[in-house]
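Some notes on the structure that comes next.
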Amino acid sequence: MELNHTHDPAAHSWLESANAAGTDFPIQNLPFGVFRRQGSSEAFRGGVAIGDQVIDLAAVARDNAVSGPAAQAVNACTGDALNDFLALGPAAWRALRHALFDLLKAGASGPGVNALRASLVPLAEVEMRVPTRIGDYTDFYTSIHHALNVGRVFRPEDPLTPNFQWLPIAYHGRASSVVVSGTPFRRPMGQAMPPGAKAPVYGACRRLDFELEMGFYIGPGNAMGEPIPLAEAEDHIFGMCLLNDWSARDHQFWEMNPLGPFLGKNFCTTVSPWIVTLEALAPYRLPFERPAADPQPLAYLEGEANRRQGVIDVQLEVQLESRQHRERGIAPDRLSATSFRHQYWTIAQMVAQHSVGGCNLQPGDLLGTGTISGPTQPEAGAIVELSVGGSRSIPLPGTGEARTFLEDGDAIILRGWCEKPGAARIGFGESRGEVLPAVG
């Protein structure tokens with residue numbers, strides 16, 4: 001994707017909070033979500049984050065603040081989910097984002113600017129929901145560092161499965177339990193096989209884990225039986241979010257013989273509320289490079305554009321806030337930090353692989369990237385890696401506690417942002433979820 005005027009790091013907005021150092025939502029970002037005012041009975045509708053405000057897209061549409069293709073696009077954002085907007089495709093997405101950018105620029109004036117000013121709602125006063133009606137959710141497994149770290153715990157003699165370097169592996173997740181950041185969830189019940197036991201036991205998960213991931217939302221779909229070529233895959237991707245694929249490891253590893261994850265994964269998946277568009281991420285693209293000694297992708301997963309800029313450099317971190325942190329007013333402890341650039345497969349390759357057998361993706365579908373881990377131990381994207389399967393305690397310096405797996409009352413906070421010299425910093429907000437005690 002080529003850079004344009006919306007990526008200009010010198011661009012500023014008449015909304016001063018959008019120009020503040022370190023803001024996630026400067027004028028160069030403009031992520032999309034679905035919101036309403038807290039405590040109200042208002043209908044949920046589309047919004048765009050800018051500084052410390054949300055642009056009410058239903059108000060923008062009602063007041064005719066934008067025209068032409070942007071008007072058609074904003075009319076598709078007035079409902080309680082963004083599926084209709086995502087279905088319109090890249091030209092419509094670009095038209096609306098550019099129109100909003102032009103109205104927000106410092107010095108902009110006129111009726112459209114006045115209407116946009118009147119549409120603003122403080123971020124602190126809104127509640128968010130999952131931004132699309134997710135028809136299907138698929139979660140990939142595409143970090144070689146995560147695969148090796150986990151494999152060494154459970155299969156030290158052969159940690160990497162034979163197929164990992166040949167295709168992006170995935171499982172079909174549960175769309176109904178995808179929740180927006182801030183939604184607590186219950187520790188799951190299920191079966192597990194304790195070490196050395198001859199029969200499984202039923203009970204609350206004892207090895208609860210997080211997984212640091214990113215998610216991406218599908219725009220236009222494809223007809224059943226018609227694969228999406230790699231070169232066209234990103235035209236079917238609207239944008240990205242943060243995603244926590246909560247995992248009941250004791251249940252997961254007992255049930256994954258011979259099929260994939262089921263109850264170990266289906267109890268909750270947490271996403272951040274804002275979708276950062278692929279266009280906004282354009283300055284942070286990097287070449288996709290496969291080590292020469294590794295198997296190279298098969299032809300349908302290989303392409304010049306993917307090699308040239310298939311990677312996205314998103315900085316990521318995981319924080320843990322225990323009940324003690326909250327009660328004592330102490331900031332959360334950082335558990336790990338890494339970058340999405342380390343992933344072994346790109347998002348375009350994931351879409352191409354998902355559809356190669358004829359699977360029909362649909363607007364609003366959610367795809368997860370799989371756990372994102374870097375090459376060093378502090379870059380691990382799951383607690384099973386950080387604790388080496390529960391054999392090492394992870395200190396929480398703020399409170400003096402330690403963890404091998406998550407405890408009731410723990411909240412995991414994922415954050416992500418992009419920054420580099422010559423480009424504006426943009427962020428994803430956060431994905432936060434808190435563990436409640438099991439019921440059962």
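Source: prediction; values computed, not measured.
- Using cut-offs of 30° and 60° for the angle between ring planes, the Tyr344 and Phe164 rings count as tilted.
- Looking at Glu211 and Arg249, a side-chain N of the basic residue comes within less than 4.0 Å of a carboxylate O on the acidic one, giving a salt bridge.
- No hydrogens or angles considered: nothing links the side chains of Gln319 and Glu321 as a donor-acceptor pair under 3.5 Å.
- Side-chain atoms of Leu82 and Cys77, non-hydrogen and from C-beta on, do get closer than 4.5 Å to each other.
- Defined by atom type and a distance below 3.5 Å, a donor-acceptor pair is missing between the side-chain atoms of His145 and Glu379.
- The neighbour count for Arg129 CZ, taken as heavy atoms of other residues, nucleotides or ligands under 6.0 Å away, is above 12.
- Using a 4.5 Å heavy-atom cutoff, the side chains of Arg308 and Arg285 are not in contact.
- The number of heavy atoms from other shown groups lying within 6.0 Å of CZ (Phe262) does not exceed 12.
- Only one option out of Trp93, Phe85, Trp274, Tyr217 pairs with Phe32 in a ring pair (Phe, Tyr, Trp, His ring centres under 6.0 Å); it is Phe85.
- A 4.5 Å side-chain heavy-atom check between Val276 and Cys418 finds every atom pair outside the cut-off.
- Geometrically, Arg45 engages Phe35 in a cation-pi contact defined by less than 6.0 Å to the ring centre and at most 45° from the axis.
- Ser339 and His342 share no side-chain donor-acceptor pair at under 3.5 Å.
- Side-chain atoms of Thr6 and Arg97 include a donor-acceptor pair closer than 3.5 Å.
- Between Leu335 and Ile394, the shortest heavy-atom distance links the atoms CD2-CG2, 4.1 Å.
- Residues Gln315 and Asp313 bring a donor and an acceptor atom of their side chains to less than 3.5 Å of each other.
- Looking at Asn266 and Ser177, their side chains never bring a donor and an acceptor atom within 3.5 Å of each other.
- Each of Arg403, Arg187, Arg323 was scored for a salt bridge (charged side-chain N to carboxylate O under 4.0 Å, His left out) with Asp410, with one residue passing: Arg403.
- Environment of CD in Glu157: crowded, with over 12 heavy atoms of neighbouring residues, nucleotides or ligands closer than 6.0 Å.
- A distance-only check finds a donor-acceptor pair linking the side chain of Asp365 to the backbone of Asp136 [under 3.5 Å].
- Panel note: side chain Asp294, backbone Pro291; no donor-acceptor pair is recorded below 3.5 Å.
- Put simply, the side chain of Trp246 does not reach to within 4.5 Å of the side chain of Val179, judged on heavy atoms.
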| request: For the pair Gln191 and Leu263, evaluate side chain to side chain contact (heavy atoms under 4.5 Å, CB included) and give the outcome as yes or no after the intermediate values. | output: CA-CA 9 Å; Gln191 276 194 29; Leu263 300 183; over 6 Å; no

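- Side-chain contact between Ile383 and Thr404 is absent, with no heavy atoms from C-beta onward closer than 4.5 Å.
- With hydrogens and angles disregarded, a donor-acceptor distance shorter than 3.5 Å links the side chain of Ser13 to the backbone of Leu104.
- In this structure a side-chain-to-backbone donor-acceptor pair under 3.5 Å is missing from Thr371 to His146.
- For Gln353 and Tyr300, the side-chain atoms include at least one donor-acceptor pair closer than 3.5 Å.
- A heavy-atom distance below 4.5 Å is not found between the side chains of Ile347 and Leu367.
- Residues Asn4 and Glu279 have side chains that bring a donor and an acceptor to within less than 3.5 angstrom of each other.
- Pro220 is not listed as a side-chain neighbour of Asp235, based on a closest heavy-atom distance of 4.5 Å or more.
- Under the 3.5 Å distance criterion, the side-chain polar atoms of Arg425 are matched with a main-chain donor or acceptor of Thr23.
- Residues Thr269 and Leu243 form a side-chain contact, since some pair of their non-hydrogen atoms from C-beta on lies under 4.5 Å apart.
- Looking at Thr346 and Asn306, their side chains do bring a donor and an acceptor atom within 3.5 Å of each other.
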